[in-house]
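Keep in mind that the numbers below use all heavy atoms, side chains included, and drop hydrogens, waters and symmetry copies. Chain naming here is simple, since letters A, B, ... match the order of the sequence lines and numbering starts at 1 in each.
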Protein chains: 2
Amino acid sequence: MDINKTDSQILTLLQYDGRLSNVELAEQINLSPSPCLRRVKQMESKGLIQGYRATLDRVKIGFSMTVFIEVSLNNHSGSASSAFEASVLAMQNVISAYLTSGAADYRLEVVAEDLPDYERILKEVQTLPHVKDIHSNFAIRAIKTAAPLPLTKASGKTKA
Amino acid sequence: MDINKTDSQILTLLQYDGRLSNVELAEQINLSPSPCLRRVKQMESKGLIQGYRATLDRVKIGFSMTVFIEVSLNNHSGSASSAFEASVLAMQNVISAYLTSGAADYRLEVVAEDLPDYERILKEVQTLPHVKDIHSNFAIRAIKTAAPLPLTKASGKTKA
DNA sequence: CGTGAAATAAGACCCGA
DNA sequence: TCGGGTCTTATTTCACG
């Protein structure tokens, strides 16, 4: 925690461009490269920065469909949940999964190449361990995807 | 969109580490740096690679809550949708938003620092243009977030 | 935190299959 | 058309002040 103004600026810039060179980054926050790199490395080792990713255009690489699947389990024991979660982790077309409040237990975000591909995935989800019920909602259009986290507010105070 | 094997390998590697240097990338796919860089640049300009992002730990930077908000509008005209979508784009705590099939019209993913922050955001969403109805589901735990897209299957054929 | 220097990478250019 | 080599410029990275 304890993110100061400078660190917050760094994180914001790296969220928008993860390939910013250290010298550019340092320039933009009016710092010299050495301390800037030190801060970045520290935030990496503390896990604030989990990693760097190329963001791809889903449609252009062949995934024309994004589907949200809500799953209810018929058994809420720890081992049932674990089995289900492990299976979900192994499914590459599931790109995010949350245990949630509400009517369903889990909500999955799934990418599919086309309708037949979606059908295959849906059947696969239906046969995962302890699945009772499934509801699918198709993403018709993306308004906003994976926007950067708003750090400006979170940069209020420093430890010392 | 004609992705060949080599391009697919590049995309996969860059999804896992967006800061891979070109020489490392080239080594891992058994190519020399020059053609490797050419391919990367080409995929960037074609929009296959949309950009590079640092991935941050939501909780560690102060967002203890992730909430999925389903929104229904009371007016489905084009202008009503546009007004709502523009407002959503402007809300920084909304990190993704989709127009979806199903009972609700839109599905928002929202990050909040704490319960009071969430309350503030919820009220803000309630007052967005043409909002009729809202349902919130809290993310209790993340099983998987923003996993890389599974490219291995999508690399089947080439244009020529 | 800033400066400087050695190691490394990026990016433009040309060559050959 | 695409992979490979080379050179120049820029960047990374780490000593030290």
Side-chain angles (χ1 to χ4, degrees), chain A residues 1-57 60-62 148 151-152 154-160, chain B residues 1-57 60-61 148 151-160:
Chain A
M1 324 302 163
D2 65 292
I3 303 173
N4 64 28
K5 187 73 187 301
T6 308
D7 287 339
S8 166
Q9 287 180 303
I10 291 174
L11 291 176
T12 299
L13 287 166
L14 288 179
Q15 273 195 107
Y16 283 96
D17 183 0
R19 294 207 93 161
L20 259 187
S21 77
N22 185 56
V23 293
E24 278 182 279
L25 182 58
E27 269 173 28
Q28 297 209 33
I29 60 174
N30 294 310
L31 200 65
S32 42
S34 303
C36 182
L37 184 63
R38 273 197 290 266
R39 282 168 182 273
V40 172
K41 292 296 175 195
Q42 193 178 66
M43 291 193 286
E44 288 173 357
S45 66
K46 280 187 178 173
L48 276 152
I49 298 174
Q50 294 182 323
Y52 302 87
R53 293 273 184 79
T55 307
L56 310 185
D57 186 312
K60 287 186 181 165
I61 64 172
L151 278 155
T152 34
S155 61
K157 41 186 307 190
T158 311
K159 185 174 54 183
Chain B
M1 308 255 110
D2 65 294
I3 302 173
N4 64 28
K5 187 74 189 300
T6 308
D7 287 339
S8 164
Q9 286 180 304
I10 292 176
L11 291 175
T12 298
L13 288 165
L14 288 179
Q15 274 194 107
Y16 282 96
D17 183 0
R19 294 207 93 162
L20 260 187
S21 77
N22 183 56
V23 295
E24 279 181 280
L25 182 57
E27 269 174 29
Q28 298 209 30
I29 60 173
N30 294 310
L31 199 64
S32 43
S34 305
C36 183
L37 185 63
R38 270 199 296 268
R39 282 169 180 276
V40 171
K41 292 299 173 191
Q42 193 178 68
M43 291 193 286
E44 288 173 359
S45 65
K46 281 188 179 172
L48 276 154
I49 298 175
Q50 294 182 323
Y52 301 87
R53 292 273 184 77
T55 307
L56 311 184
D57 186 311
K60 286 187 181 165
I61 64 171
L151 278 155
T152 33
K153 279 196 65 258
S155 61
K157 43 187 303 189
T158 311
K159 185 173 55 183

| Between atom CG in A:Asn22 and atom C1' in D:dT13, what is the gap in whole Å? | 9 Å
| request: Please state how far atom NZ in A:Lys41 lies from atom P in C:dC1, giving the value in whole angstrom units. | output: 17 Å
| task | Just call it for A:Ser34: base, sugar-phosphate, or nothing, with non-hydrogen atoms closer than 4.0 Å on any strand. | result | base
| In whole angstroms, how far is the P atom of D:dC2 from the CD1 atom of B:Ile10? | 13 Å
| Euclidean distance, atom CG of residue B:Leu37 to atom P of D:dA10 [Å, nearest integer] | 16 Å
| Rounded distance (Å) that lies between atom P of C:dA9 and atom CZ of B:Arg19 | 14 Å
| said: Considering every strand and a 4.0 Å limit on heavy-atom distances, what is the contact class for B:Arg39: base, sugar-phosphate, or nothing? | reply: sugar-phosphate
| task | Answer yes or no: is there a donor N or O on one side and an acceptor on the other, between the side chain of A:Arg19 and the main chain of B:Gly51, under 3.5 Å? | result | no
| Looking at CG of B:Asp17 and CG of B:Leu14, how far apart are the two atoms once the value is rounded to the nearest 0.5 Å? | 8.0 Å
| Between B:Leu25 (CG) and D:dG4 (P), how many Å, whole number? | 13 Å
| said: Measure CD/A:Glu27 against C1'/D:dA10 and give the value in whole Å, please. | reply: 12 Å
| message | Taking the nucleotide of DNA chain C with the nearest heavy atom to each, does B:Arg38 or B:Glu24 sit closer to the 5' end? | response | B:Glu24
| side-chain contact (heavy atoms from CB on, under 4.5 Å), paired with A:Leu31, selected from A:Arg38, A:Arg39, A:Gln9 | A:Arg39
| 5' priority, DNA chain D, between A:Ser21 and B:Gln42 [closest heavy atom] | B:Gln42
| request: Send over the distance from B:Asn30 CG to D:dC2 C1', rounded to a whole Å. | output: 17 Å
| Is the side chain of A:Lys46 donor-acceptor paired with the backbone N or O of B:Lys60 at a distance under 3.5 Å, no angle test? | no
